[in-house]
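In each ligand, atom 1 is the first atom listed, and ligand 1 is the first ligand listed. As a basis for the values below, the full set of heavy atoms in this structure was taken, side chains included, without hydrogen atoms, waters or symmetry mates.
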Amino acid sequence: MGSNEVNKIAGALLGMATLAMGIGFLSAGLVSQKPIKKAGYELPDSTATAGAAAAPAAAAAPAEPIAKRLAAANVEKGAAAARKCAACHQFTKDGRNGQGPLLWNVVARVKGSAAGFNYSAALKERAGKGEKWDFESLDAFIANPKAYLAGTSMNYAGIARPDERADLILYMRGQAESPAALPQ
Ligand code: HEC
């Protein structure tokens with residue numbers, strides 16, 4: 001076989017590969033297009049699973065230690081970030097349990113110990129060990145609740161941005177009878 005023919009074959013293979021990729025992209029585009037979903041029968045919600053799959057990767061972004069981020073955190077921004085939790089949680093002394101437990105005094109509190117809240121078995125187990133929430137564990141839990149605590153009933157994807165978590169945790173620290181000492 002002359003090098004000319006080899007080139008032709010290589011070219012043909014390359015062409016086929018490009019075509020196959022093109023079809024792949026095209027069909028991926030078609031599948032995720034909304035109009036298809038309105039076809040009169042239920043399709044699984046691909047956006048939900050895509051979001052769940054993307055969350056751990058985002059949360060895994062390398063971050064400064066929480067002690068360092070807290071030193072630069074902003075409590076007003078943290079109060080704003082806490083609105084993301086407000087559908088399920090209250091943070092104030094006069095607050096109540098909702099879909100999630102009351103988070104007043106949560107920093108340094110034994111995990112799973114808000115009075116009257118029915119926790120998941122996973123969190124009850126931590127409570128049984130007497131484990132307490134500290135800045136590190138709150139940071140990890142809020143980044144990705146299900147990765148930190150398999151079996152948790154907290155249905156929330158997490159906050160991927162490390163500085164936003166620090167703002168929020170600084171705010172949560174303030175929502176307490178006597179705020180825990182900041183880590184050095
Ligand atoms: C969709 C409702 C929902 C949202 C939104 C939500 N949570 Fe939760 N959260 C829960 C539930 C339910 C639990 C109890 C989990 C369990 O028992 O495993 C929980 C537990 C917790 C706990 C443990 C409390 C304890 O007493 O041990 C913390 C801390 C917490 N959430 C923080 C947050 C923060 C911060 C946000 C916002 C960034 C947030 N949650 C958003 C429902 C929610």
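Atom 12 (C) of ligand 1 has its closest protein heavy atom at Gln99 O, 3.3 Å. The nearest protein atom to atom 29 (C) of ligand 1, hydrogens excluded, is given as Leu138 CD2, 3.5 Å; this is a heavy-atom distance. Ranking the protein heavy atoms by distance from atom 4 (C) of ligand 1 puts Cys88 SG, 3.4 Å first. With respect to atom 13 (C) of ligand 1, the closest heavy atom belonging to the protein is Pro101 CD, 3.5 Å.
When the heavy atoms of Ile159, Leu103, Asn155 are ranked by distance to atom 32 (C) of ligand 1, first place goes to Leu103.
Annotation: side chain of Glu131 is not in contact with side chain of Val110 (no heavy-atom distance under 4.5 Å). The shortest side-chain heavy-atom distance between Leu70 and Pro183 falls under the 4.5 Å cut-off.
Residue contacts with ligand 1: Lys84 is placed with no nitrogen or oxygen under 3.5 Å of a nitrogen or oxygen of the ligand (distance criterion only). For the pair Ser120 and ligand 1, the shortest N or O to N or O distance falls below 3.5 Å. Close N/O approach between Tyr119 and ligand 1 is found [any backbone or side-chain N/O within under 3.5 Å]. Backbone and side-chain nitrogen or oxygen atoms of Val110 are examined, and none is located within less than 3.5 angstrom of a nitrogen or oxygen of ligand 1. Considering backbone and side-chain atoms alike, Asn118 places every N or O at 3.5 Å or more from each N or O of ligand 1.
Because the distance cut-off is set at 2.8 Å, Tyr156 fails to qualify as a neighbour of atom 8 (Fe) of ligand 1, as none of its N, O or S atoms comes that close. For atom 8 (Fe) of ligand 1, the N/O/S atoms of His89 include one lying under 2.8 Å.
Between Phe117 and Tyr119, the ring planes lie perpendicular to each other; the angle is over 60°, past the 30° to 60° tilted range.
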side-chain hydrogen bond (donor to acceptor under 3.5 Å, both in side chains) assessment of Asn105 paired with Lys93: CA-CA 8 Å; Asn105 262 340; Lys93 187 176 183 178; over 6 Å; no
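Among the candidates Lys84, Arg83, Arg69, the single residue satisfying the salt bridge (Lys or Arg N to Asp or Glu O under 4.0 Å) test with Glu164 is Lys84.
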